[in-house]
2 protein chains.
Amino acid sequence: MAHDHDHKELLDKVRFELPTDELLCDLADLYKIFGDTTRIKIMYSLFEEEMCVCAIAELLGMTQSAISHQLKILKDANLVANRRDGKTIYYHLSDDHVRSIIAQGFEHLVEEQE
Amino acid sequence: MAHDHDHKELLDKVRFELPTDELLCDLADLYKIFGDTTRIKIMYSLFEEEMCVCAIAELLGMTQSAISHQLKILKDANLVANRRDGKTIYYHLSDDHVRSIIAQGFEHLVEEQE
DNA sequence: TTTTCATATGAATATGTACTCATATGTTCA
DNA sequence: TGAACATATGAGTACATATTCATATGAAAA
């Protein structure tokens, strides 16, 4: 068996503080979206300006299809939104959370390297 | 062909603002670690107190081996650290970044549901 | 030293997922 | 209406990875 010693008190305390499984899963799902280089690059590309799909594809040197698939994931998570102008569809960040979440990650990386 | 219209100026501008590939990959790798329910639960469990491996396993209802594998990933990323006390090894968060990164995610989720 | 306990770890498997390819949808212009 | 363009999407494939199982490591107690 793996454990013998007792920690029921500790477990009860921590269990009480732990959010619901559903919330923790949602949180993991959110970060899962940030955990892909292509999606990070797409989001970063939209930091300053809206861009159309083919511009993002050209910028990142990837196919239109690949970018489109990733944009769908970002859109389903409400991280980006789009508008149509004729044949072209322009994507932009849907709110400032993307910026602050990415900024927070950078901070950790920077302090890591010191 | 996918694109016909011109956006060289935009691409040059955005390309200039984009961080290096290496940095963007590091960022994605960091978030990848947060993008797993088990690891999120482990980190959350360590919010208030240090815990030994078997306590975490019992808390989450998972095997000691599974938890140990995930703790290694967290430790390699400098997100948790440990200390030995006899046969037992206690893990704790290595700094406050974990807390603030998770808090940031929560904020996004909460505003999402409004 | 041998046994027991706590944890770590390598290999195998099963599941998830990013990209490709082909094609569908929707818009504009001739 | 038909052709060209921009984007979306379903199926298939290749690769990554979380967990399990068996076993190794390392420390304390008998």
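Residue numbering restarts at 1 for every chain, and letters A, B, ... go by the order of the sequence lines.
As a whole-Å value, the separation of A/K75 NZ from D/dA8 P is 8 Å. Rounded to whole Å, atom P of D/dA18 lies 13 Å from atom CG of B/D76. Between the CD1 atom of B/I40 and the C1' atom of D/dA18 there is a distance of 15 Å, rounded to whole Å. With rounding to whole Å, A/I73 atom CD1 is found 14 Å from D/dG10 atom C1'. Note: CD1 (A/I33) to P (C/dT17) measures 10 Å, nearest angstrom. Computed from coordinates, the A/I67 CD1 to C/dT20 P distance equals 9 Å when rounded to whole Å. Per the geometry, NZ belonging to A/K72 stands 14 Å off P belonging to D/dA11, to the nearest Å. One can place CZ of A/F34 at 18 Å from C1' of C/dA18, the figure rounded to the nearest angstrom.
Contact of the B/M51 side chain with the B/L59 side chain is registered, since non-hydrogen atoms from C-beta on lie closer than 4.5 Å. In this structure, A/T37 and B/C25 have side chains that are in contact, with non-hydrogen atoms separated by less than 4.5 Å. Contact annotation: the side chain of B/L27 never approaches that of A/F34 to less than 4.5 Å [non-hydrogen atoms, C-beta and beyond].
Contact annotation: B/R39 reaches the phosphate of D/dA18 (side-chain N/O to OP1 or OP2, under 4.0 Å). Proximity of A/Y91 to the phosphate of D/dA8: a side-chain N or O atom is located under 4.0 Å from OP1 or OP2.
For A/K32 and B/T88, each mapped to the nucleotide of DNA chain C holding its nearest heavy atom, the one lying further toward the 5' end belongs to B/T88. Of the two residues near DNA chain D, A/K87 and A/N82, the one whose nearest nucleotide lies more 5' is A/K87.
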Dump every N/O contact between nucleotides 19-23 of chain D and the protein below 3.5 Å, one line per pair.
| from | atom 1 | to | atom 2 | distance (Å) |
| --- | --- | --- | --- | --- |
| D/dT19 | OP1 | B/T38 | OG1 | 2.7 |
| D/dT19 | OP2 | B/Q70 | NE2 | 3.1 |
| D/dT20 | OP2 | B/T63 | OG1 | 3.1 |
| D/dT20 | O4 | B/H69 | NE2 | 3.2 |
| D/dC21 | N4 | B/S65 | OG | 2.7 |

Under the side chain to side chain contact (heavy atoms under 4.5 Å, CB included) criterion, do B/Q104 and B/I101 qualify, and how do the steps go? CA-CA 5 Å; B/Q104 189 89 50; B/I101 289 176; 5.7 Å; no
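Applying the side-chain hydrogen bond (donor to acceptor under 3.5 Å, both in side chains) test to pairs two or more places apart or on separate chains, those with a residue in residues 17-26 of chain B are A/K41-B/D21.
When heavy atoms are screened at a 4.0 angstrom cut-off, A/I56 is found touching no nucleic acid atom at all.
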Would you tabulate the side-chain donor-acceptor contacts of residues 84-92 of chain A under 3.5 Å, counting partners in other chains and residues two or more places apart, or write 'none'?
| from | atom 1 | to | atom 2 | distance (Å) |
| --- | --- | --- | --- | --- |
| A/R84 | NH1 | A/G86 | O | 2.9 |
| A/Y91 | OH | A/N82 | ND2 | 3.3 |

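Atom-to-atom distance recorded for B/E58:CD and B/C52:SG is 9.0 Å, nearest 0.5 angstrom.
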